[in-house]
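Just follow the structure's listing: the first ligand is 1, and inside any ligand the first atom is 1. Not measured: the values here are computed from a predicted model.
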Amino acid sequence: MTNVAETLHSVLDPAGAHAQQIVSLWDLTIWICAAMYFLVVAFTVGLLLKRRAPSGPSDRALKQGLIVWTLAVVAGLAVLGVASVRTDGALAAPFGDAPLHLRVTGHQWWWDVEYIGGGDLPGVRTANEIRLPIDTPVRISLASSDVIHSFWVPSLHGKRDLIPDRPSEIRLEPRRIGVFRGQCAEFCGLQHALMGLTVIVSSRAAFDAWYERQAAPAREPTSAHARAGRQAFMDAGCATCHTIAGTAASGRVAPDLTHIASRRTLGAGTLPNLRGQLSAWIADPQHIKPGNRMPAIDLDAPSLQAIVAYLESLQ
Ligand code: CUA
């Protein structure tokens with residue numbers, strides 16, 4: 001899973017405005033707790049040394065120590081309490097207009113990603129991968145089609161649950177170009193662990209170029225092999241569940257495949273999107289991700305190869 005592993009995520013390596021606020025709170029917590037710890041150790045050592053002295057620690061010294069210690073604990077907790085409330089408030093700040101609006105819907109076990117157009121901007125639908133321009137606030141409306149999932153891209157923000165019939169929102173503001181891994185963070189069934197997500201943050205120009213390609217319908221296959229693959233795709237019933245814009249395939253219950261070849265992974269971060277893995281996935285998805293909703297379809301080898309050639313042409 002080479003290109004899956006490279007998309008690392010770390011809460012402590014923030015690449016977004018919100019993740020930075022969370023890390024600042026984390027740092028403050030660590031420093032205050034460390035200071036408390038060293039105070040306890042220093043106090044204990046001090047008392048042990050005093051105990052060895054012939055007179056022992058006086059009642060007065062004990063009392064003063066206790067007062068100082070209590071004040072330090074109260075002050076430390078107060079600082080942490082205020083900082084925590086402030087961070088919470090900043091993360092939940094009311095959403096103004098964001099230049100980019102997405103709708104992400106959780107399914108067992110993949111992510112449906114829609115860029116909501118408007119005005120001159122066409123809508124775009126993809127799956128398990130989100131591309132964002134750097135330094136641009138983006139509003140993501142979250143929904144679930146079945147059970148509770150949780151949207152979590154640790155490098156960009158904290159977790160936000162997707163609850164059936166209860167719309168929620170999260171706002172991201174990426175500050176660094178890179179590839180960041182996301183993961184469903186709420187146990188949602190058999191393949192919860194294989195419900196991954198890739199977020200690719202790029203320059204505005206690269207994002208715009210990508211968006212334009214994604215908004216276009218699927219390419220017309222240029223080879224006879226790929227054309228045969230398109231026919232086999234329709235004949236085998238794949239179109240009942242999947243959409244390929246510009247063709248008769250318009251199923252909505254499974255990932256949109258219009259530009260599947262442009263994506264990095266298959267099966268929501270389960271496999272890298274390479275020819276061998278794509279063939280294996282279509283041939284027997286239940287072997288790779290048991291319990292997932294994609295049935296194994298009885299295909300002869302030439303049809304399978306043709307379908308793979310067709311899907312690989314969908315850049
Ligand atoms: Cu979806 Cu866990």
Side-chain angles (χ1 to χ4, degrees), residues 1 3-12 15-16 18-19 22 91-92 101-116 124-132 138-172 174 179-201 241-243 251-257 260 263-273 277 281-282 284-296:
M1 293 208 245
N3 72 350
V4 179
E6 92 190 37
T7 60
L8 291 175
H9 58 268
S10 169
V11 175
L12 300 180
H18 305 87
I22 295 171
L91 293 179
H101 183 198
L102 275 72
R103 186 185 304 120
V104 171
T105 308
H107 298 264
Q108 285 175 315
W109 291 276
W110 61 282
W111 306 90
D112 194 7
V113 177
E114 290 168 277
Y115 291 74
I116 297 167
V124 156
R125 186 164 173 245
T126 179
N128 305 317
E129 192 172 293
I130 296 176
R131 298 228 184 189
L132 299 174
V138 48
R139 186 178 141 217
I140 303 182
S141 302
L142 300 169
S144 166
S145 73
D146 36 47
V147 299
I148 300 177
H149 304 274
S150 185
F151 181 91
W152 189 34
V153 185
S155 305
L156 298 179
H157 205 309
K159 300 170 185 171
R160 188 64 46 89
D161 282 358
L162 290 71
I163 303 171
D165 299 326
R166 273 184 69 180
S168 55
E169 282 199 328
I170 193 166
R171 195 180 177 127
L172 303 179
V179 179
F180 308 105
R181 197 180 139 77
Q183 171 64 39
C184 178
E186 178 77 36
F187 180 72
C188 54
L190 193 58
Q191 292 299 346
H192 155 70
L194 292 182
M195 189 168 167
L197 175 76
T198 310
V199 178
I200 300 167
V201 177
C241 299
H242 294 283
T243 290
R252 299 275 301 183
V253 300
D256 187 301
L257 302 180
I260 186 182
R263 302 206 284 260
R264 299 167 75 96
T265 70
L266 300 170
T270 303
L271 296 170
N273 190 1
Q277 280 77 355
W281 174 261
I282 298 169
D284 193 357
Q286 293 302 322
H287 177 71
I288 293 165
K289 194 167 169 180
N292 90 79
R293 303 289 188 250
M294 177 157 159

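Around atom 1 (Cu) of ligand 1, protein N, O or S atoms at less than 2.8 Å comprise His149 ND1, Cys184 SG, Cys188 SG, Met195 SD.
In Arg125, the CZ atom is crowded: over 12 heavy atoms of neighbouring residues, nucleotides or ligands sit closer than 6.0 Å.
Qualifying ring-ring contact (aromatic ring centres under 6.0 Å, His included) partners for His101, counting only residues two or more places apart in sequence or in other chains: none. Residues passing the side chain to side chain contact (heavy atoms under 4.5 Å, CB included) test with Arg293 are Gln108, Trp109, sequence neighbours excluded. Evaluation of the salt bridge (charged side-chain N to carboxylate O under 4.0 Å, His left out) rule for Glu186 yields no partner, not counting sequence neighbours.
A donor-acceptor contact closer than 3.5 angstrom links the side chains of Ser150 and Asp161.
With salt bridges taken as basic N to acidic carboxylate O contacts below 4.0 Å, none links Glu129 and Arg263.
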